[in-house]
Amino acid sequence: DAKTTQPTSMDCAEGRAANLPCNHSTISGNEYVYWYRQIHSQGPQYIIHGLKNNETNEMASLIITEDRKSSTLILPHATLRDTAVYYCIVSALNNAGNNRKLIWGLGTSLAVNP
Amino acid sequence: DSGVTQTPKHLITATGQRVTLRCSPRSGDLSVYWYQQSLDQGLQFLIQYYNGEERAKGNILERFSAQQFPDLHSELNLSSLELGDSALYFCASSPRTSSYEQYFGPGTRLTVT
(Lines give C-alpha, C1' and ligand atoms only; values in the text may rest on other atoms or scores of the structure.)
Protein backbone atom coordinates (compact mmCIF):
# COMPACT_ATOMS: atom_id res chain seq x y z
CA ASP A 1 0.00 0.00 0.00
CA ALA A 2 1.13 3.52 -0.79
CA LYS A 3 2.49 5.37 2.19
CA THR A 4 1.78 8.84 0.89
CA THR A 5 -1.24 11.12 0.59
CA GLN A 6 -1.51 13.68 -2.18
CA PRO A 7 -4.31 15.93 -3.43
CA THR A 8 -6.10 14.42 -6.38
CA SER A 9 -5.69 17.47 -8.60
CA MET A 10 -4.25 20.98 -8.68
CA ASP A 11 -4.16 23.90 -11.05
CA CYS A 12 -1.37 26.36 -11.70
CA ALA A 13 -0.98 29.35 -13.98
CA GLU A 14 1.75 29.20 -16.56
CA GLY A 15 4.90 30.97 -15.38
CA ARG A 16 3.96 30.71 -11.72
CA ALA A 17 5.44 28.33 -9.18
CA ALA A 18 3.62 25.03 -8.72
CA ASN A 19 3.76 23.72 -5.16
CA LEU A 20 2.71 20.10 -4.84
CA PRO A 21 2.24 18.81 -1.29
CA CYS A 22 2.68 15.27 -0.03
CA ASN A 23 1.98 13.78 3.38
CA HIS A 24 4.03 10.82 4.53
CA SER A 25 3.36 10.82 8.25
CA THR A 26 4.46 7.20 8.76
CA ILE A 27 7.82 7.62 7.06
CA SER A 28 10.64 5.81 8.80
CA GLY A 29 14.16 7.06 9.34
CA ASN A 30 15.74 5.25 6.41
CA GLU A 31 13.05 6.01 3.85
CA TYR A 32 13.68 8.48 1.08
CA VAL A 33 11.08 10.67 -0.59
CA TYR A 34 10.94 10.40 -4.36
CA TRP A 35 9.02 12.37 -6.94
CA TYR A 36 8.20 11.13 -10.41
CA ARG A 37 5.84 12.51 -12.99
CA GLN A 38 3.88 10.93 -15.81
CA ILE A 39 2.80 12.92 -18.82
CA HIS A 40 -0.34 11.44 -20.30
CA SER A 41 0.20 7.70 -20.86
CA GLN A 42 3.96 8.10 -21.26
CA GLY A 43 6.45 6.30 -19.06
CA PRO A 44 7.02 8.00 -15.69
CA GLN A 45 10.00 10.31 -15.38
CA TYR A 46 12.18 10.70 -12.31
CA ILE A 47 12.26 14.24 -10.92
CA ILE A 48 14.07 14.36 -7.60
CA HIS A 49 14.59 12.56 -4.31
CA GLY A 50 15.67 13.44 -0.77
CA LEU A 51 16.13 12.09 2.73
CA LYS A 52 15.92 15.04 5.09
CA ASN A 53 17.69 17.97 3.49
CA ASN A 54 16.08 20.16 0.89
CA GLU A 55 17.18 19.30 -2.62
CA THR A 56 17.26 21.19 -5.90
CA ASN A 57 18.05 20.15 -9.43
CA GLU A 58 17.41 21.51 -12.88
CA MET A 59 13.80 20.35 -12.81
CA ALA A 60 12.52 21.13 -9.34
CA SER A 61 13.10 21.72 -5.66
CA LEU A 62 12.10 19.37 -2.86
CA ILE A 63 11.33 20.79 0.56
CA ILE A 64 11.06 18.25 3.38
CA THR A 65 9.74 19.33 6.77
CA GLU A 66 11.98 18.93 9.77
CA ASP A 67 9.87 16.07 11.16
CA ARG A 68 9.90 14.50 7.67
CA LYS A 69 6.17 13.88 7.79
CA SER A 70 5.48 15.94 4.71
CA SER A 71 7.20 17.43 1.71
CA THR A 72 6.55 19.84 -1.14
CA LEU A 73 7.72 19.60 -4.71
CA ILE A 74 8.22 23.01 -6.27
CA LEU A 75 8.29 23.66 -9.99
CA PRO A 76 9.57 27.22 -9.96
CA HIS A 77 8.20 28.41 -13.30
CA ALA A 78 5.55 26.00 -14.51
CA THR A 79 5.03 25.60 -18.24
CA LEU A 80 2.28 23.90 -20.20
CA ARG A 81 4.61 20.94 -20.67
CA ASP A 82 4.61 20.40 -16.90
CA THR A 83 0.98 19.27 -17.06
CA ALA A 84 1.21 15.71 -15.74
CA VAL A 85 0.43 13.39 -12.85
CA TYR A 86 3.00 13.83 -10.09
CA TYR A 87 3.74 10.91 -7.81
CA CYS A 88 5.24 11.18 -4.35
CA ILE A 89 6.76 7.91 -3.17
CA VAL A 90 8.62 6.86 -0.05
CA SER A 91 10.95 3.93 -0.20
CA ALA A 92 13.95 2.43 1.47
CA LEU A 93 16.45 -0.30 0.89
CA ASN A 94 15.37 -3.73 2.05
CA ASN A 95 16.89 -5.27 5.17
CA ALA A 96 19.70 -6.79 3.16
CA GLY A 97 20.55 -3.36 1.79
CA ASN A 98 20.54 -4.59 -1.76
CA ASN A 99 17.17 -3.69 -3.18
CA ARG A 100 14.91 -0.66 -3.41
CA LYS A 101 11.27 -1.01 -4.42
CA LEU A 102 8.88 1.84 -5.25
CA ILE A 103 5.23 1.62 -4.21
CA TRP A 104 3.11 4.04 -6.24
CA GLY A 105 -0.06 5.87 -5.21
CA LEU A 106 -2.47 7.72 -7.46
CA GLY A 107 -0.56 10.99 -7.51
CA THR A 108 -1.65 14.58 -8.13
CA SER A 109 -2.90 15.58 -11.54
CA LEU A 110 -1.39 19.01 -12.17
CA ALA A 111 -2.94 21.18 -14.85
CA VAL A 112 -0.87 24.16 -15.93
CA ASN A 113 -3.14 26.72 -17.53
CA PRO A 114 -2.19 29.47 -20.00
CA ASP B 1 14.14 9.40 -24.52
CA SER B 2 15.00 7.31 -21.47
CA GLY B 3 17.01 4.73 -23.40
CA VAL B 4 14.60 1.95 -22.44
CA THR B 5 12.78 0.36 -25.36
CA GLN B 6 9.62 -1.70 -25.30
CA THR B 7 7.93 -3.68 -28.04
CA PRO B 8 5.32 -3.84 -29.28
CA LYS B 9 3.81 -0.42 -28.71
CA HIS B 10 0.26 -1.68 -29.06
CA LEU B 11 -1.17 -5.18 -28.82
CA ILE B 12 -4.75 -6.28 -29.35
CA THR B 13 -5.67 -9.85 -28.59
CA ALA B 14 -8.58 -12.00 -27.50
CA THR B 15 -9.45 -13.47 -24.14
CA GLY B 16 -7.69 -16.73 -23.40
CA GLN B 17 -4.68 -15.90 -25.53
CA ARG B 18 -1.04 -15.53 -24.55
CA VAL B 19 1.25 -12.62 -25.35
CA THR B 20 4.86 -11.67 -24.76
CA LEU B 21 6.03 -8.13 -24.06
CA ARG B 22 9.66 -7.28 -24.57
CA CYS B 23 11.90 -4.75 -22.86
CA SER B 24 15.48 -3.66 -23.53
CA PRO B 25 17.00 -1.74 -20.62
CA ARG B 26 19.33 1.22 -20.88
CA SER B 27 22.86 0.29 -21.80
CA GLY B 28 24.66 -0.83 -18.67
CA ASP B 29 21.58 -1.17 -16.48
CA LEU B 30 21.36 -4.53 -14.76
CA SER B 31 17.98 -4.21 -13.07
CA VAL B 32 14.64 -4.42 -14.85
CA TYR B 33 11.22 -3.73 -13.37
CA TRP B 34 7.76 -4.45 -14.78
CA TYR B 35 4.68 -2.41 -13.90
CA GLN B 36 1.02 -2.57 -14.86
CA GLN B 37 -1.14 0.53 -15.12
CA SER B 38 -4.85 0.05 -15.61
CA LEU B 39 -7.10 2.89 -16.70
CA ASP B 40 -6.91 5.79 -14.27
CA GLN B 41 -4.89 3.75 -11.81
CA GLY B 42 -1.46 4.17 -10.37
CA LEU B 43 1.38 1.92 -11.31
CA GLN B 44 1.29 -1.56 -9.84
CA PHE B 45 4.68 -3.15 -9.40
CA LEU B 46 4.76 -6.64 -10.86
CA ILE B 47 8.27 -8.03 -10.71
CA GLN B 48 11.94 -7.11 -10.74
CA TYR B 49 15.00 -8.83 -12.14
CA TYR B 50 18.63 -8.13 -11.51
CA ASN B 51 21.32 -9.53 -13.76
CA GLY B 52 19.15 -12.44 -14.78
CA GLU B 53 17.74 -13.34 -11.40
CA GLU B 54 14.37 -12.51 -9.88
CA ARG B 55 14.90 -9.96 -7.10
CA ALA B 56 11.46 -8.85 -5.98
CA LYS B 57 7.86 -9.75 -6.62
CA GLY B 58 4.81 -7.54 -6.38
CA ASN B 59 1.21 -8.05 -7.34
CA ILE B 60 1.93 -10.40 -10.19
CA LEU B 61 -0.73 -12.93 -11.10
CA GLU B 62 0.17 -16.59 -11.49
CA ARG B 63 -0.87 -16.33 -15.14
CA PHE B 64 1.96 -13.85 -15.64
CA SER B 65 5.64 -14.65 -15.71
CA ALA B 66 8.83 -12.88 -16.64
CA GLN B 67 12.46 -13.52 -17.23
CA GLN B 68 15.66 -11.62 -17.90
CA PHE B 69 18.07 -13.00 -20.45
CA PRO B 70 21.89 -13.00 -20.48
CA ASP B 71 21.89 -9.94 -22.75
CA LEU B 72 19.77 -8.26 -20.02
CA HIS B 73 16.64 -7.80 -22.07
CA SER B 74 13.48 -8.96 -20.36
CA GLU B 75 10.19 -10.47 -21.40
CA LEU B 76 6.85 -10.44 -19.63
CA ASN B 77 4.57 -13.31 -20.56
CA LEU B 78 0.83 -12.95 -20.00
CA SER B 79 -1.32 -16.03 -20.49
CA SER B 80 -5.01 -16.97 -20.31
CA LEU B 81 -5.73 -13.31 -20.86
CA GLU B 82 -8.85 -11.74 -19.39
CA LEU B 83 -10.58 -8.47 -20.18
CA GLY B 84 -9.23 -7.04 -16.94
CA ASP B 85 -5.67 -7.51 -18.12
CA SER B 86 -6.13 -4.65 -20.55
CA ALA B 87 -3.65 -2.03 -19.38
CA LEU B 88 -0.43 -0.19 -20.05
CA TYR B 89 2.59 -2.28 -19.19
CA PHE B 90 5.76 -0.40 -18.41
CA CYS B 91 9.28 -1.62 -18.11
CA ALA B 92 11.89 0.35 -16.20
CA SER B 93 15.58 -0.15 -15.65
CA SER B 94 18.23 1.04 -13.24
CA PRO B 95 21.96 0.48 -12.90
CA ARG B 96 21.66 -1.36 -9.59
CA THR B 97 18.89 -2.67 -7.40
CA SER B 98 19.70 0.05 -4.89
CA SER B 99 19.54 2.86 -7.43
CA TYR B 100 17.39 5.88 -6.65
CA GLU B 101 16.25 6.44 -10.20
CA GLN B 102 14.30 4.15 -12.44
CA TYR B 103 14.18 4.90 -16.14
CA PHE B 104 10.92 4.00 -17.80
CA GLY B 105 10.18 2.85 -21.30
CA PRO B 106 7.27 4.15 -23.39
CA GLY B 107 5.04 1.22 -22.44
CA THR B 108 3.02 -1.40 -24.26
CA ARG B 109 -0.71 -0.86 -24.45
CA LEU B 110 -2.48 -4.20 -24.25
CA THR B 111 -6.12 -4.47 -25.22
CA VAL B 112 -7.91 -7.74 -24.56
CA THR B 113 -11.21 -8.12 -26.42
Side-chain angles (χ1 to χ4, degrees), chain A residues 1-9 22 30-53 55 57-60 62 64 71 73 84-110, chain B residues 1-6 9-10 21 23-26 29-51 53-60 86-111:
Chain A
D1 292 334
K3 295 182 177 183
T4 62
T5 304
Q6 299 177 253
T8 303
S9 63
C22 179
N30 63 345
E31 288 185 308
Y32 283 74
V33 180
Y34 301 80
W35 284 84
Y36 280 73
R37 73 179 183 184
Q38 185 177 24
I39 296 171
H40 181 64
S41 295
Q42 296 180 20
Q45 177 189 23
Y46 165 84
I47 301 173
I48 199 166
H49 75 275
L51 184 62
K52 51 186 175 182
N53 297 323
E55 303 288 345
N57 63 19
E58 65 280 1
M59 288 183 70
L62 174 60
I64 303 174
S71 61
L73 178 75
V85 177
Y86 287 77
Y87 295 97
C88 171
I89 302 160
V90 296
S91 179
L93 289 173
N94 61 357
N95 289 336
N98 62 0
N99 203 39
R100 189 184 306 275
K101 195 166 66 175
L102 303 179
I103 307 298
W104 301 67
L106 295 179
T108 295
S109 180
L110 174 69
Chain B
D1 183 1
S2 66
V4 178
T5 61
Q6 290 186 247
K9 194 170 183 178
H10 300 278
L21 312 184
C23 169
S24 293
R26 291 189 325 154
D29 284 359
L30 299 178
S31 196
V32 170
Y33 311 78
W34 285 98
Y35 292 88
Q36 178 193 55
Q37 187 174 37
S38 302
L39 188 65
D40 296 330
Q41 295 292 311
L43 275 78
Q44 296 291 319
F45 168 70
L46 296 178
I47 198 165
Q48 177 198 359
Y49 280 81
Y50 177 74
N51 205 19
E53 294 189 0
E54 182 183 307
R55 181 56 65 96
K57 234 174 183 178
N59 302 322
I60 189 166
S86 296
L88 269 169
Y89 291 85
F90 288 105
C91 166
S93 73
S94 66
R96 301 168 302 279
T97 57
S98 57
S99 299
Y100 296 111
E101 300 177 40
Q102 293 182 17
Y103 298 88
F104 282 78
T108 293
R109 182 174 294 280
L110 174 67
T111 302

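Letters A, B, ... are given to chains in the order of the sequence lines, protein chains preceding strands, and every chain is numbered from 1.
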Practice problem: Give a yes or no on whether B:R109 atom CZ has more than 12 heavy-atom contacts from other residues, nucleotides or ligands under 6.0 Å away. | Solution: no
Quiz item: Taking atom CG of A:L102 and atom CZ of B:F45, what is their separation to the nearest 0.5 Å?
Solution: 9.0 Å
Quiz item: Do you know the tightest heavy-atom contact between A:Y87 and B:Q37?
Solution: OH-NE2, 3.4 Å
Self-check item: Side chain / backbone / both / neither for B:L88 at chain A, heavy atoms under 4.5 Å
Solution: side chain
Practice problem: With a 4.5 angstrom heavy-atom cut-off, could you sort out which part of A:S41 is near chain B: side chain, backbone, both or neither? | Solution: both
Quiz item: Is there any residue in residues 45-52 of chain A with a non-hydrogen atom under 4.5 Å from a non-hydrogen atom of chain B, and which ones are they?
Solution: A:Y46, A:H49
Quiz item: At a heavy-atom separation under 4.5 Å, does B:Y33 approach chain A through its side chain, its backbone, both, or neither?
Solution: side chain
Practice problem: Pick one of side chain, backbone, both or neither for B:Y35, based on which atoms fall under 4.5 Å of a heavy atom in chain A. | Solution: side chain
Practice problem: Mind listing the closest non-hydrogen atom pair of A:Q42 and B:F90 along with its distance? | Solution: O-CZ, 3.4 Å
